[in-house]
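Since the structure comes first, as structure tokens, the remarks are kept for the end.
Chain naming here is simple, since letters A, B, ... match the order of the sequence lines and numbering starts at 1 in each.
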Amino acid sequence: MPELPEVETVANELKASVINKKIVYIEALWAKSFDNRFDADLKGQIITSIGRRGKYLILNLSKSFLVIHLRMTGQLLYFENESDANFDDYIRVVIKFNNGLLLFKDVRKFGRVYHIKDPDIFLSHVGPDAFDQNMTLSVFKSKLLSSNMSIKAFLLSQKYISGMGNIYTDETLFVSKINPSSKANSIKYKKAEQLFLNMKTILRASINNMGSTISDYRDPAGNKGNNQFYFNVYDREGQPCKVCNTEIKKIKFAGRGTHFCPKCQKA
DNA sequence: CCATGTACCTGAAGGC
DNA sequence: TGCCTTCAGGTACATG
């Protein structure tokens with residue numbers, strides 16, 4: 001699931017529920033889901049702030065950091081009262097606070113809770129995300145020019161710009177009228193500007209809609225997002241294009257299911 | 001540098 | 001009903 005808007009939604013809700021709380025207990029029910037890379041005691045540490053970079057959630061603790069990636073099916077579920085929690089078969093990590101409980105649930109076990117010393121080092125391979133102050137239009141354009149990849153692969157790669165996943169990449173390319181196979185460095189100046197603005201508009205709209213839920217995504221309260229009701233192309237194979245009525249196609253491209261309008265997004 | 005395939009995992013959905 | 005295949009919002013790594 002989770003791409004930038006979903007992780008942003010999770011971060012915003014956690015800010016309201018776990019800031020200033022003290023960890024009193026942490027346990028990995030599935031060992032690989034918790035990657036402990038720093039020798040500091042988590043017990044007793046307080047969550048001082050919460051951030052996000054691309055699809056990574058960053059919990060700033062008193063002496064170290066928890067960095068969490070939800071991958072495909074990860075969820076962070078928060079319960080003010082422990083008795084409200086449902087410990088089903090897919091709970092991988094349990095974090096108890098002096099008051100409240102956070103469960104990391106993950107059906108497919110791809111997600112990770114990392115305990116690290118320095119997020120800047122840990123995330124050094126991850127580029128600035130779409131809302132980073134440093135990600136200006138001119139920076140974005142120069143990164144486009146530097147790459148001979150397809151624009152779809154470019155946006156999916158997290159090293160140039162982070163946070164974009166399969167849904168928002170397809171949606172952004174549709175609105176920008178760019179074929180997914182177009183080379184990143186072939187996109188003209190004006191088109192690149194539209195792409196940049198559309199990307200931010202689409203991500204912001206989804207944040208306002210609490211993210212998109214296709215199947216697994218839930219926010220920390222267990223609620224689904226609403227942005228999936230506004231897709232133009234994603235998950236709309238065979239349905240008419242909302243602009244020109246042409247049938248939306250789905251192909252395999254850059255290793256991913258890729259949705260587009262053959263007329264609006266000519267190669 | 002770039003594209004492709006594989007691995008990591010489980011469950012849902014579709015074909016027969 | 002049941003078996004088999006394919007696919008899924010992501011990323012790391014190996015191979016041409």
When rounded to whole Å, the NZ to P distance for the pair Lys252(A) and dT5(C) reads 17 Å
By nearest-heavy-atom nucleotide on DNA chain C, the more 5' of Gln158(A) and Arg108(A) is Arg108(A)
Hey, is the side chain of Arg256(A) poking within less than 4.0 Å of OP1 or OP2 on dG10(C), counting only N and O atoms?
-> yes
By the Watson-Crick or G-U definition, both distances under 3.5 Å, dA3(B) is matched with dT15(C)
Worksheet item: Under 4.0 Å between a side-chain N/O of His125(A) and OP1 or OP2 of dT11(C), yes or no?
Response: no
Phosphate contact (dG10(C) OP1 or OP2) by His69(A) side-chain N/O below 4.0 Å: no
Taken to the nearest whole Å, CG/Asp216(A) to C1'/dG11(B) is 9 Å
Problem - Electrostatic pair Glu80(A):Lys21(A) at N-O distance under 4.0 angstrom - result: yes
- prompt: Which part of the nucleic acid does Ser147(A) contact within heavy-atom distance under 4.0 Å: base, sugar-phosphate only, or nothing?
  reply: sugar-phosphate
query: With distance as the sole test, does His69(A) use its side chain to make a donor-acceptor pair with the main-chain N or O of Arg112(A) at under 3.5 Å?
result: no
Of the listed dC9(B), dC7(C), dG10(C), the closest approach to the Lys32(A) side chain comes from dC9(B)
When all nucleic acid strands are considered with a 4.0 Å heavy-atom cut-off, which category describes Lys152(A): base, sugar-phosphate, or nothing? nothing
Query raised in the report: Quick one: do Asp216(A) and Arg108(A) make a salt bridge, cutoff under 4.0 Å?
Result: no
Checking dG10(C), dA12(C), dG11(B) against the side chain of Tyr56(A) (C-beta onward), the nearest is dA12(C)
- Side-chain heavy-atom pair Lys143(A), Ile161(A) within 4.5 angstrom cut-off: no
Considering every strand and a 4.0 Å limit on heavy-atom distances, what is the contact class for Phe231(A): base, sugar-phosphate, or nothing? nothing
Lys109(A) atom NZ is separated from dC8(B) atom P, nearest whole Å, by 12 Å
Review point. Under 3.5 Å, is there a donor-acceptor pair linking the side chains of Asn179(A) and Lys152(A)?
Key: no
(request) Could you measure between the two P atoms, the one in dC9(B) and the one in dC3(C), and give it in whole Å? (result) 25 Å
message = Applying a 4.0 Å non-hydrogen cut-off, can you work out what Tyr168(A) is touching in the nucleic acid: base, sugar-phosphate, or nothing?
response = nothing
To the nearest angstrom, the CD-P distance between Gln75(A) and dG11(B) comes to 14 Å
**Request:** Using the P atom on both, measure dT10(B) against dT1(C) and round to a whole Å.
**Result:** 25 Å
Taken to the nearest whole Å, CH2/Trp30(A) to C1'/dC9(B) is 9 Å
Across the strands shown, which category fits Gly165(A) at heavy-atom distances under 4.0 angstrom: base, sugar-phosphate, nothing? sugar-phosphate
Rounded to whole Å, CZ of Arg112(A) lies from P of dC9(B) at a distance of 7 Å
* Looking only at side-chain N and O atoms, does Lys159(A) come under 4.0 Å of OP1 or OP2 in dT11(C)? -> no
Whole-Å distance, Tyr217(A) OH to dG11(B) P, equals 22 Å
Any Tyr160(A) side-chain N or O less than 4.0 Å from OP1/OP2 of dC2(B) | yes
Of dG10(C), dT10(B), dT11(C), the nucleotide closest to the side chain of Val107(A) is dT10(B)
Within a radius of less than 6.0 Å around NZ of Lys22(A), do more than 12 heavy atoms belonging to other residues, nucleotides or ligands occur?
-> no
Whole-Å distance, Leu155(A) CG to dC2(B) P, equals 14 Å
Among dA3(B), dC7(C), dG11(B), the one nearest any side-chain atom of Tyr90(A) is dG11(B)
Out of dC2(B), dG10(C), dC9(B), minimum distance to the side chain of Arg71(A) belongs to dG10(C)
Among dC9(B), dA8(C), dT11(C), the one nearest any side-chain atom of Phe110(A) is dC9(B)
- Query: Any sub-3.5 Å donor-acceptor pair from Asn209(A)'s side-chain atoms to Ala205(A)'s backbone N or O?
  - Reply: yes
